[in-house]
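The analysis underlying the following values was restricted to heavy atoms, covering all of them including side chains, and did not include hydrogens, waters or symmetry mates.
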Amino acid sequence: MKHVFPILALAVLLPACSLDQRIDQVSAEIERLYSQTRLWEDLPQRSISWQQAIAMMRRQNPQLLAAQARIEHEQREALSVYTDMIPGVSYYSYFNKSLQGLTQTLSSDDIQTSVNIHFYLPTLTRVPYKVYSAKAEAYAAIKAKEGKEQELISKLYTAVRTRDLRQRQLAHEKKSAAAATGEILPAPPNFGAENSDLEYWKQISTLLGDTSARWNILPSGMPPFRWSHYSRKMKQLSELMVCQHALKLEQARLAQYGVAMDYLPTINTGMYSPSLFSSTGGTYSGTFLDMDDTTLNLSISYRLDTKLDNWYTYKDNKARYELVSRDIVRSLLEHKQKMTLLRRSMNEYYAWRSYMQKRMDFIRNSPSDNPADFLERAQELHRMQSELLSQEEKVIESEAALVLEYGLE
């Protein structure tokens with residue numbers, strides 16, 4: 001008896017003491033991490049290929065990790081529809097002794113135990129609906145991750161393309177219009193370069209899910225953007241977008257179907273057995289499973305919708321399905337209009353770009369009669385190249401939109 005109260009007192013005081021200690025330990029760890037955190041300018045620069053960047057992003061990006069966690073959760077939910085049908089086994093153990101008897105030595109006869117089996121499966125008529133609905137949710141989670149990955153690749157493509165273009169623009173600005181004479185003018189000051197680099201590293205680190213370095217992705221390994229490939233793709237919707245619209249319709253349809261299921265009879269089934277094994281403190285012990293004592297319960301019930309609650313809910317869900325259908329039709333129209341304008345602008349850009357490149361080749365290959373003519377042609381080539389780079393910067397956003405829609409190949 002004299003040992004019981006100290007144990008109980010320790011059990012009560014332990015949580016409060018351990019919480020304070022644990023908070024102190026975690027706080028010290030956070031302070032240590034903060035002291036070791038380096039500023040961006042102190043981090044090492046590391047260059048990686050496009051393929052390495054994609055692999056790192058898929059492995060470490062927080063949004064993709066969250067999407068994968070959702071997939072696993074929905075898959076477990078789909079599996080639980082079947083595992084709920086597995087009978088459960090429970091173990092019970094309890095201690096029963098008078099207060100006066102606590103001063104005596106405890107024995108196994110003072111502890112009573114039992115093992116029971118139980119099985120309960122409610123609403124059998126809804127099992128097929130639950131299976132289908134759970135599979136639909138798991139499929140939607142998979143497609144949501146694919147969409148998120150495509151979105152992140154589009155952002156990564158934009159960041160790498162923009163940085164590469166700016167570096168080419170800076171290199172071009174270092175050339176003077178008098179480069180043909182050998183005279184190289186100093187480059188104009190670029191006051192925003194440092195902030196631009198900082199924003200680039202922040203964005204890339206966020207996308208890759210790694211802040212241990214200033215990551216530079218080599219643009220040479222990035223798949224080239226081929227307009228001929230995307231111009232063919234734009235004649236139809238992407239598979240991912242078709243699937244997203246189909247899932248919206250199916251979820252709206254399932255809402256109607258779920259209400260309609262309430263009009264079916266409810267069938268519940270369960271099984272009860274006495275203890276598979278029982279030990280009652282020395283009185284008796286052993287297995288007591290008997291088919292005569294094991295009962296199977298089956299109940300059927302049906303509730304009339306006299307207040308029309310289910311009917312009104314069904315009507316609301318049906319109206320919502322019609323709204324979703326109309327919204328998809330409107331969305332498809334807007335999307336087709338957007339793609340038509342995008343295709344037109346891209347065709348105009350590439351036609352103009354082809355003309356500019358041909359014109360530049362003609363100027364380069366034209367003979368010059370005197371130094372003044374040579375200098376004038378060099379200045380014209382410099383201006384035309386600047387215009388090409390400027391227009392390329394504007395078209396990156398359109399390229400990213402197509403990568404988001406159809407992926408990067």
Side-chain angles (χ1 to χ4, degrees), residues 62-86 119-152 236-270 298-339 404-407:
Q63 292 178 312
L64 289 182
L65 292 177
Q68 180 61 34
R70 183 194 166 195
I71 291 175
E72 295 173 358
H73 170 76
E74 296 298 343
Q75 289 175 340
R76 288 193 297 268
E77 289 293 316
L79 183 62
S80 67
V81 177
Y82 300 100
T83 56
D84 287 344
M85 302 180 187
I86 301 175
F119 173 77
Y120 179 67
L121 184 62
T123 56
L124 280 174
T125 52
R126 296 183 69 92
V127 169
Y129 169 76
K130 289 181 178 179
V131 172
Y132 185 85
S133 178
K135 288 183 177 179
E137 290 295 331
Y139 184 76
I142 293 173
K143 290 303 176 181
K145 182 185 177 183
E146 292 179 5
K148 177 56 66 176
E149 181 176 317
Q150 207 153 291
E151 175 189 340
L152 295 175
Q236 59 187 12
L237 281 173
S238 66
E239 295 181 2
L240 187 58
M241 178 164 287
V242 171
C243 184
Q244 289 174 345
H245 287 314
L247 283 171
K248 288 181 181 179
L249 278 174
E250 187 61 11
Q251 289 171 348
R253 188 187 73 87
L254 281 176
Q256 297 181 71
Y257 189 74
V259 177
M261 293 293 294
D262 292 336
Y263 284 98
L264 296 177
T266 301
I267 302 176
N268 300 321
T269 184
L298 181 65
S299 65
I300 301 178
S301 61
Y302 184 76
R303 183 176 65 87
L304 293 176
D305 189 24
T306 55
K307 298 181 179 180
L308 299 180
D309 293 336
N310 290 343
W311 174 250
Y312 292 145
T313 303
Y314 175 80
K315 295 289 287 184
D316 290 342
N317 289 344
K318 185 178 181 180
R320 191 174 296 111
Y321 177 84
E322 295 297 329
L323 289 175
V324 171
S325 301
R326 291 175 178 271
D327 185 67
I328 289 178
V329 172
R330 179 192 56 79
S331 177
L332 291 176
L333 176 60
E334 292 180 355
H335 186 77
K336 192 167 188 176
Q337 185 69 24
K338 174 184 174 183
M339 289 293 106
L404 175 62
E405 178 84 11
Y406 301 101

Self-check item: Under 3.5 Å donor-acceptor, Thr83 side chain and Ser80 backbone
Solution: yes
Self-check item: Nearest-0.5 Å distance, CZ of residue Arg303 to CG of residue Asp305
Solution: 6.0 Å
Quiz item: Which atom pair, heavy atoms only, marks the closest approach of Ile300 to Pro265?
Solution: CG2-CB, 4.2 Å
Practice problem: Report yes if the side chains of Leu333 and Arg330 come closer than 4.5 Å at any heavy-atom pair, otherwise no. | Solution: no
Exercise. Could I get the full list of side chain to side chain donor-acceptor pair (under 3.5 Å) partners for Gln75, not counting sequence neighbours?
Key: none
Self-check item: Close side-chain approach of Glu405 to His335, heavy-atom, < 4.5 Å
Solution: yes
Quiz item: Would you find more than 12 non-hydrogen atoms of other residues, nucleotides or ligands less than 6.0 Å from Glu239 atom CD?
Solution: no
Quiz item: Who are the side chain to side chain donor-acceptor pair (under 3.5 Å) partners of Asp316, not counting sequence neighbours?
Solution: none
Practice problem: Could you name each residue pair satisfying ring pair (Phe, Tyr, Trp, His ring centres under 6.0 Å) that touches residues 240-260, not counting sequence neighbours? | Solution: Tyr129-Tyr257
Quiz item: Below 4.5 Å, heavy atoms only, C-beta onward: do Glu146 and Glu149 meet side chain to side chain?
Solution: no
Self-check item: Point-to-point distance, once rounded to the nearest 0.5 Å, from CG of Leu254 to CE of Met261
Solution: 11.0 Å
Quiz item: What distance separates Met241 CE from Leu404 CG, expressed to the nearest 0.5 Å?
Solution: 7.5 Å
Show me the side-chain donor-acceptor pairs of residues 63-74 shorter than 3.5 Å, one per line, residues at least two apart or across chains.
| from | atom 1 | to | atom 2 | distance (Å) |
| --- | --- | --- | --- | --- |
| Gln68 | OE1 | Lys145 | NZ | 2.7 |
| Gln68 | NE2 | Glu72 | OE2 | 3.3 |

Self-check item: Nearest-0.5 Å distance that lies between atom CD in Gln251 and atom CZ in Arg253
Solution: 11.5 Å
Self-check item: Heavy-atom donor-acceptor pair, Thr313 side chain to Asp309 backbone, under 3.5 Å
Solution: yes
Quiz item: Of all residues at least two apart in sequence or in a different chain, which pass the side chain to side chain donor-acceptor pair (under 3.5 Å) check with Lys248?
Solution: none
Donor-acceptor pairs are to be reported for all side-chain atoms of residues 317-326 against protein atoms at under 3.5 Å, with residues two or more places apart or in another chain.
| from | atom 1 | to | atom 2 | distance (Å) |
| --- | --- | --- | --- | --- |
| Asn317 | OD1 | Arg320 | NH1 | 2.5 |
| Asn317 | ND2 | Ala255 | O | 3.1 |
| Ser325 | OG | Tyr321 | O | 3.0 |

